[in-house]
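The block underneath contains the structure these notes are about, expressed in structure tokens.
This one's a predicted model, so the numbers in the text were calculated from it and none came from an experiment.
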Amino acid sequence: MGGKRGGRFLKYLVVWLMFIWVRNATKDVVIKPDAPSTLFLEKHADYIASYGAKKDDYEYCMSEYLRMSGVYWGLTVMDLMRQLQRMTKEEILAFIKSCQHESSGISASIGHDLTFYIPLVLVKFPLLYTKKCYPVQF
């Protein structure tokens with residue numbers, strides 16, 4: 001089964017398997033008819049803006065290794081909700097600086113090892129605050 005015909009067969013097989021899986025999937029959540037149908041953006045923004053205020057919360061301590069990614073995703077969602085001004089830019093920059101090692105690499109949190117993923121996240125921070133897109137040249 002090579003060439004176009006084999007690729008088409010594989011595509012149809014994947015679609016058929018997905019159909020079978022969706023048809024047989026069990027619902028693990030039942031949404032009641034009286035559930036709110038409105039997205040409460042202000043409540044979401046309040047939660048994200050206040051996250052990390054209680055530094056001795058269990059969730060805060062256990063998610064330490066996700067801190068830099070969490071900061072990025074928190075800023076991104078606040079930007080999407082047009083609430084970025086509620087995030088303290090100076091505090092975020094101080095946290096990033098505190099994660100910097102002598103080798104100039106930056107880790108996921110204070111005292112953690114360097115990874116290749118965190119610099120990729122850090123490249124996006126200035127874009128959130130400046131709203132500038134820079135052309136990429138190859």
Q.
Looking at His112, is its backbone amide N or carbonyl O close enough to the side chain of His101 to form a donor-acceptor pair, meaning the two atoms are under 3.5 Å apart?
A. yes
**Q.** Donor-acceptor contact present, side-chain Ser107 to main-chain Ser109, <3.5 Å
**A.** yes
Distance from [X] atom [atom1] to [Y] atom [atom2], nearest 0.5 Å?
X	Y	atom1	atom2	value
Gln83	Leu75	CD	CG	13.0 Å
Leu13	Trp16	CG	CH2	7.5 Å
Lys43	Thr38	NZ	OG1	12.5 Å
Leu93	Ser98	CG	OG	11.0 Å
Ile48	Met81	CD1	CE	4.0 Å
Ile96	Ile110	CD1	CD1	11.5 Å

(Q) If you compare all heavy atoms of Met78 against all heavy atoms of Ala45, which two are closest, and at what distance to 0.1 Å? (A) CE-O, 3.7 Å
Q. What heavy-atom pair brings Arg82 and Gln85 nearest, and what distance separates the two atoms?
A. O-OE1, 3.6 Å
Q) Given the rule in the salt bridge (charged side-chain N to carboxylate O under 4.0 Å, His left out) test, do Glu91 and Lys97 qualify, once you have shown the distances and angles that lead to the verdict? A) CA-CA 10 Å; Glu91 188 178 323; Lys97 193 143 185 83; over 6 Å; no
Q. Counting only heavy atoms not in Lys54, do more than 12 sit closer than 6.0 Å to its NZ atom?
A. no
Between [X] and [Y], is there shared hydrophobic-cluster membership here, with clusters defined by ILVMFWY side-chain heavy atoms closer than 4.5 Å?
X	Y	answer
Val77	Phe40	no
Leu114	Met68	no
Tyr51	Met62	no
Leu66	Trp73	no
Tyr47	Val71	yes

Q. Are side-chain N/O atoms of Ser63 and Tyr58 paired as donor and acceptor at under 3.5 Å?
A. no
Q | Test: Arg67 cationic atom under 6.0 Å from Tyr60 six-membered ring centre, within 45° of axis | A | yes
